[in-house]
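In what follows, a structure is listed as structure tokens, so that the remarks can point back to it.
Residues: numbered from 1 along the sequence shown.
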Amino acid sequence: MNLTNIFESTDFVHASGTKEELQVAEFLKGQCEELGVTAKIEAFRVAMGDIEESHLFADGKEIPCKAFNCCGSGVVEGELYYMPGTDPVSVVGAKDKIVLLDTQGIGFFGYQDLMKAGAKGIIFQYGNVHFPNTDIDQRDLREAVVGEERKVLCAMIHSSQAVELVKNKVKNIRLEVFQKEYDGQSHNVVAELPGKRDEFIVLTAHYDTTSLSHGAYDNMSGCAGLLGIMEQLKGKELNYGLRLVFCGSEERGLLGSKAYVRDHKEELEKIVLNINLDMIGTYLGKFIACVSAEDKLVHYISYMAAETGFPVEAKSGVYSSDSTPFADGGVPALSFARISSPNVTPIHCRYDVKEVMSMEQLQRDIDFLVKFTQHFANAVVCPVAREIPEKIKKELDEYLFRKRKEQ
């Protein structure tokens with residue numbers, strides 16, 4: 001398997017629900033088949049929006065913006081309210097205002113609070129005022145964020161424009177959005193290496209990107225990891241089989257892994273472990289493991305790191321990636337990642353390209369992941385308890401917006 005070819009063949013934006021995302025899904029399916037492993041593509045619904053027109057006027061002067069997909073259509077006008085925090089005192093001031101936030105998006109409770117306070121619209125900001133480009137990211141108003149509340153028009157502006165709005169004491173904002181909303185499709189790619197037992201291990205990595213990124217680091221690197229594990233373990237006798245799932249639409253709220261867990265609910269009790277790969281193989285960075293399972297697995301990983309001479313910082317918690325829906329479904333899960341500084345390998349932007357990747361480091365990461373996976377696949381009995389600790393359940397409730405995070 002040629003690692004470089006994987007990155008060269010996917011060196012373009014392939015965001016959720018687009019034909020480019022499907023193109024990469026078909027490429028990954030082909031890579032599995034070249035390795036002699038049968039793979040299939042499973043479709044699932046995603047909400048889509050095609051922006052036909054969007055305009056943002058600040059005291060009558062138009063400034064560049066990108067409307068959020070799926071935020072509705074229409075025109076809203078009101079007084080600008082800059083709100084750097086989402087505390088109760090700040091939220092009260094949002095009534096009948098168009099709110100400017102410091103963030104690139106909003107969570108469930110933040111959105112619910114703004115709607116209950118009577119906000120008329122929301123403006124987000126993206127980018128770095130010191131960067132030479134003035135890219136504006138394309139985001140969506142997620143169904144999981146809106147819940148049962150009303151939709152309001154939302155748009156993204158560049159951070160430099162946000163500074164100007166506040167600096168110039170802009171009073172009035174007019175936001176116009178016209179879009180076609182519809183049900184689209186995203187896809188998971190599923191391949192399998194058989195084992196002796198009825199139970200199996202699921203390995204996951206997402207392959208979709210955000211609207212500006214080529215997604216080499218986040219997360220074609222994880223997909224290359226899955227293919228590397230497949231290449232080294234195919235044809236080997238395994239006690240627990242391996243099911244490898246390349247997930248679509250992770251960047252829009254883990255939609256691919258959520259769809260897999262939902263659509264394969266009857267099989268969840270047969271999954272003894274989920275191993276997720278999200279961002280590995282960079283020149284710089286610390287290799288970590290975030291474990292949503294019993295603490296014994298954290299210690300096991302630390303011991304294995306010492307045994308193999310491969311440094312890993314292991315901890316328990318909930319990782320913001322495709323391991324989370326599995327843990328929420330009762331499956332012990334963990335995510336591996338090589339976390340590099342955003343000053344070196346930024347994600348969700350134009351700088352996430354194949355040049356940030358080290359093929360040598362990626363291969364070293366893969367070799368460790370193969371050893372780890374093989375240990376569990378050949379266990380007489382999977383040693384990880386099939387239970388999610390209460391502290392992890394609490395974090396899952398907060399991450400998945402079932403409970404407010406304690407301040």
Side-chain angles (χ1 to χ4, degrees), residues 1-35 37-52 66 68-70 137-144 179-192 202-227 230 243-264 276-279 321-322 325 347-350 352-354:
M1 183 183 68
N2 186 327
L3 288 175
T4 303
N5 176 59
I6 294 170
F7 294 94
E8 290 176 346
S9 299
T10 58
D11 191 19
F12 50 88
V13 174
H14 39 281
S16 165
T18 64
K19 66 180 186 300
E20 290 81 10
E21 188 196 39
L22 178 57
Q23 180 182 335
V24 174
E26 290 169 341
F27 168 78
L28 291 168
K29 179 176 181 288
Q31 290 292 292
C32 295
E33 290 167 348
E34 281 185 24
L35 291 171
V37 179
T38 302
K40 61 182 178 179
I41 293 178
E42 297 182 350
F44 57 93
R45 172 197 166 273
V46 288
M48 298 292 289
D50 290 339
I51 307 293
E52 296 165 346
K66 285 188 180 177
F68 272 39
N69 289 322
C70 305
D137 196 13
Q138 176 71 63
R139 295 291 181 96
D140 64 301
L141 184 58
R142 297 177 179 178
E143 292 175 325
Q179 66 177 306
K180 177 187 175 185
E181 296 186 34
Y182 59 97
D183 285 347
Q185 281 192 336
S186 184
H187 303 83
N188 292 329
V189 182
V190 183
E192 197 153 3
V202 171
L203 294 101
T204 49
H206 79 89
Y207 67 90
D208 64 305
T209 71
T210 57
S211 71
L212 297 170
S213 172
H214 288 199
Y217 176 40
D218 183 17
N219 181 41
M220 194 48 57
S221 64
C223 295
L226 289 194
L227 290 170
M230 181 186 296
R243 186 170 294 178
L244 301 99
V245 184
F246 302 84
C247 299
S249 295
E250 187 263 7
E251 298 290 6
R252 292 181 63 195
L254 319 182
L255 299 184
S257 49
K258 285 178 179 177
Y260 182 88
V261 169
R262 180 193 67 228
D263 296 343
H264 295 261
N276 182 60
L277 312 183
D278 193 8
M279 305 189 303
S321 188
D322 290 313
I347 60 172
H348 301 168
C349 65
R350 66 162 68 221
D352 186 355
V353 289
K354 63 183 187 296

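Contact between V13 and S211 at its shortest, heavy atoms only, is CG1-O, 3.6 Å. A pairwise comparison of heavy atoms in F44 and G248 identifies CZ-O, 3.8 Å as the closest pair. Across all their heavy atoms, V46 and G17 have their closest contact at CG2-CA, 4.2 Å. Considering all non-hydrogen atoms of both residues, A39 and K29 come closest at O-CE, 3.2 Å. F27 and T10 make their closest contact through CD2-CG2, 3.7 Å (heavy atoms, listed as atom of the first residue, atom of the second, distance).
Here the CG atom belonging to L277 is positioned 7.0 Å from the OG1 atom belonging to T204, to the nearest 0.5 angstrom. Taking OG of S249 as the reference point, atom CG of L254 lies at 10.5 Å (rounded to 0.5 Å). Of the inter-residue distances, the one linking F68 atom CZ with R139 atom CZ reads 6.5 Å to the nearest 0.5 angstrom. With rounding to the nearest 0.5 angstrom, the CG atom of D322 is 8.0 Å from the CG atom of N188. Interatomic distance, Q31 CD to C223 SG, rounded to the nearest 0.5 Å: 11.0 Å. We find the CZ-CD1 distance between F246 and I41 to be 11.0 Å, quoted to the nearest 0.5 Å.
Residues passing the salt bridge (Lys or Arg N to Asp or Glu O under 4.0 Å) test with R243 are E192, E267, sequence neighbours excluded. Residues satisfying the side-chain contact (heavy atoms from CB on, under 4.5 Å) criterion with V37, sequence neighbours excluded, are A191, L193, M230, K234. Residues forming a ring-ring contact (aromatic ring centres under 6.0 Å, His included) with H348 (at least two apart in sequence, or on another chain): none. Here N69 pairs with I51, Q138, D140, Q179 under the side-chain contact (heavy atoms from CB on, under 4.5 Å) rule; sequence neighbours left out. With sequence neighbours excluded, no residue forms a salt bridge (Lys or Arg N to Asp or Glu O under 4.0 Å) with E34. Residues forming a salt bridge (Lys or Arg N to Asp or Glu O under 4.0 Å) with K354 (at least two apart in sequence, or on another chain): D11. Applying the side-chain contact (heavy atoms from CB on, under 4.5 Å) rule to N2 yields the partners T4, N5; only residues at least two apart in sequence or on another chain are considered. Every residue was checked against the salt bridge (Lys or Arg N to Asp or Glu O under 4.0 Å) condition with E20, not counting sequence neighbours, and none meets it. Shown here are the ring-ring contact (aromatic ring centres under 6.0 Å, His included) partners of F12, two or more places apart in sequence or in another chain: H14. With sequence neighbours excluded, no residue forms a side-chain contact (heavy atoms from CB on, under 4.5 Å) with A144. Applying the ring-ring contact (aromatic ring centres under 6.0 Å, His included) test to Y260 and every residue at least two apart in sequence or in another chain returns H264, F326.
Residues H214 and T209 have side chains not in contact (no heavy-atom distance under 4.5 Å, counting atoms from C-beta outward). Annotation: side chain of S321 is in contact with side chain of E250 (closest heavy-atom distance under 4.5 Å). Under the 4.5 Å side-chain criterion, counting only non-hydrogen atoms from C-beta, C32 is in contact with L227.
One N or O on the side chain of D352 and one on the backbone of A216 form a donor-acceptor pair closer than 3.5 Å.
Legend: salt bridge (charged side-chain N to carboxylate O under 4.0 Å, His left out) pairs involving residues 202-222, not counting sequence neighbours: none detected.
For the residue pair E21/S186, the side-chain donor-acceptor check at 3.5 Å is satisfied.
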